[in-house]
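What you see is a predicted model, and the numbers here were worked out from it, not measured in a lab. Letters go in sequence order (proteins before strands), and every chain restarts at 1.
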Number of protein chains: 2
Amino acid sequence: MSAQSALNAAKPGVRRTQAERSNAMRRRLLAATVESLAEEGYAGSTLSSIVRRAGVSRGAQVHHYPNKQALILDAAEDLMRRSYRALGAVLLSVAKEDDRLEALIKACWDSLFATPMYRAYTELLIASQRDPVLAEALRQMLQRVRGVFEPAVEHYFEPAPGSGANPKALFLQMSCLLAGLAVQAHVIQNPSLIHAQLTLWSKQAGSLMYARKGVRTPPPRPAAWDRPARG
Amino acid sequence: MSAQSALNAAKPGVRRTQAERSNAMRRRLLAATVESLAEEGYAGSTLSSIVRRAGVSRGAQVHHYPNKQALILDAAEDLMRRSYRALGAVLLSVAKEDDRLEALIKACWDSLFATPMYRAYTELLIASQRDPVLAEALRQMLQRVRGVFEPAVEHYFEPAPGSGANPKALFLQMSCLLAGLAVQAHVIQNPSLIHAQLTLWSKQAGSLMYARKGVRTPPPRPAAWDRPARG
DNA sequence: TATTATACAGTCCGGACTGTATGTAAATTA
DNA sequence: TAATTTACATACAGTCCGGACTGTATAATA
């Protein structure tokens with residue numbers, strides 16, 4: 001008797017519907033996959049290691065995902081859902097800040113880019129250089145995230161009069177800067193240097209755009225945001 | 001008889017010294033390794049595929065590099081030497097430009113970050129998140145590149161009076177921005193957007209630092225730069 | 001309740017990869 | 001030129017991965 005059987009048997013009287021079982025199993029597998037991507041990398045995330053991490057059998061995985069690519073692609077979507085939520089929380093948190101630019105970039109760093117979630121994303125990003133299907137999935141994913149981020153930017157910020165600045169372009173710059181910092185963080189090895197870069201950017205951008213006066217509400221959020229994982 | 005034996009036999013009268021043979025073989029292996037890292041990724045760069053790409057036998061590789069890590073580490077150093085040269089060429093090329101900032105960032109993008117060389121570096125960078133030895137090697141590598149880049153920056157640029165800007169910090173920002181663009185370029189999939197980001201940064205930075213007047217000579221270059229690969 | 005479909009468990013197989021061991025040719029040295 | 005070291009070639013051993021396959025229990029359905 002395997003550990004998993006014992007674990008299931010540990011809840012004796014519980015009767016679960018098929019959909020419940022499937023969803024729970026998928027969630028476990030996806031969580032384990034994302035965790036493994038962040039910790040073991042793309043190549044290190046073998047099916048065997050993932051099912052071991054999830055504490056389920058090989059058969060369970062193959063039942064829900066016919067091959068590895070299917071699991072990875074679903075994990076990518078799961079990653080996007082998590083990004084949505086984290087981004088929503090970030091946008092909500094800066095609504096009441098005074099120095100909104102610095103608050104935003106630091107919140108983005110702490111809650112989005114300096115996280116295991118983003119490390120997992122990075123692994124997929126690099127792997128997608130040699131996997132067109134994955135690349136297309138990430139491309140759409142990025143586009144959808146930008147689709148909620150950019151309206152929020154418009155909601156919060158306006159170009160400084162006469163500067164000719166473009167807030168959207170500036171925030172794309174920010175995201176590239178954060179991405180660059182994230183992939184190099186472990187060789188930079190200097191938290192204060194990273195922190196200084198975040199401050200530097202917010203100061204620079206602060207002379208090119210201002211937070212709109214009187215805006216204290218978060219931007220309108222797409223309905224899809226808080227929808228649970230599956231139906 | 002293998003392809004390699006035939007290839008060697010193709011130069012009948014040639015007698016080479018041992019050192020020549022070793023160096024030539026090492027060069028072939030390193031070139032193939034870097035090429036493979038860029039094209040097939042870290043995990044895809046197996047020893048078998050590398051020797052196949054180099055057109056040499058498995059035994060040759062094992063003779064020069066006892067294990068995979070040794071080959072990878074030497075490839076990393078080779079990568080650094082190439083970066084040195086490319087960087088030297090870039091710094092030399094901007095010496096005579098008028099809009100030196102824009103010329104510099106675009107030259108860095110074209111000659112350093114948007115290259116197979118940097119793609120190989122990225123693979124090592126990501127892999128080094130789970131390989132402390134490789135991470136340390138890359139850390140030193142980065143430090144040495146910065147050690148030639150930052151004096152050059154001081155040589156070419158000065159902070160705009162009263163701006164309180166720090167050119168070194170600004171160029172670190174630039175390198176992070178370029179790194180972020182590089183890892184995402186294939187999902188951004190929009191050359192003009194990348195180009196716009198380069199221009200945007202040079203405009204921003206242009207208000208914070210100026211090219212020193214009258215400087216038309218390249219910065220002093222470390223002696224190590226043009227030294228051939230091995231001795 | 002009987003039947004069927006779904007969810008899950010465990011095992012096997014072909015292939016690929018790394019490291020090793022052994023054999024041969026070329027170059028250096030005595 | 002003989003001996004020895006260096007450079008390279010080939011074959012093999014052990015491990016692991018992904019996919020296929022078979023068997024069992026649980027839920028849905030008739």
Whole-Å gap separating [atom2] ([N]) and [atom1] ([X]):
X       : N      : atom1 : atom2 : value
A:Tyr65 : C:dC8  : OH    : P     : 11 Å
B:His63 : C:dT22 : NE2   : C1'   : 15 Å
A:Arg28 : C:dA7  : CZ    : C1'   : 14 Å
A:Ile50 : D:dC17 : CD1   : P     : 11 Å
B:Glu20 : C:dT28 : CD    : C1'   : 14 Å

Query - Range-with-range stems for DNA chain C, at least three Watson-Crick or G-U pairs under 3.5 Å - result: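 For DNA chain C the paired stretches long enough to count as stems (3 pairs minimum) are C:1-30 with D:1-30.
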Requested in this report: Just jot down the side-chain hydrogen bond (donor to acceptor under 3.5 Å, both in side chains) partners of B:Glu39, sequence neighbours excluded, or say none.
Outcome: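 side-chain hydrogen bond (donor to acceptor under 3.5 Å, both in side chains) check on B:Glu39 returns B:Arg53.
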Query raised in the report: Among all residues two or more places apart in sequence or in another chain, which pass the side-chain hydrogen bond (donor to acceptor under 3.5 Å, both in side chains) test with A:His155?
Result: none
Sequence neighbours left out, cut at 3.5 Å: what donor-acceptor pairs do the side chains of residues 168-181 of chain B make with other protein atoms?
from, atom 1, to, atom 2, distance (Å)
B:Gln173, OE1, B:Trp201, NE1, 3.1
B:Gln173, NE2, A:Gln204, OE1, 2.8
B:Ser175, OG, B:Leu172, O, 2.8

Donor-acceptor contacts, no H, no angles, side chain residues 118-127 of chain A, under 3.5 Å, sequence neighbours left out:
from, atom 1, to, atom 2, distance (Å)
A:Thr122, OG1, A:Tyr118, O, 2.8
A:Glu123, OE1, A:Tyr42, N, 3.0
A:Glu123, OE2, B:Arg130, NH2, 2.2

Any N/O pairs under 3.5 Å between the protein and nucleotides 19-21 of chain C? List them or say none.
from, atom 1, to, atom 2, distance (Å)
C:dG19, OP2, B:Lys68, N, 3.2
C:dG19, N7, B:Arg58, NH1, 3.3
C:dG19, N7, B:Arg58, NH2, 3.1
C:dG19, O6, B:Arg58, NH1, 3.4

Query - Contact under 4.0 Å: B:Thr46 side-chain N or O vs C:dC17 OP1/OP2 - result: yes
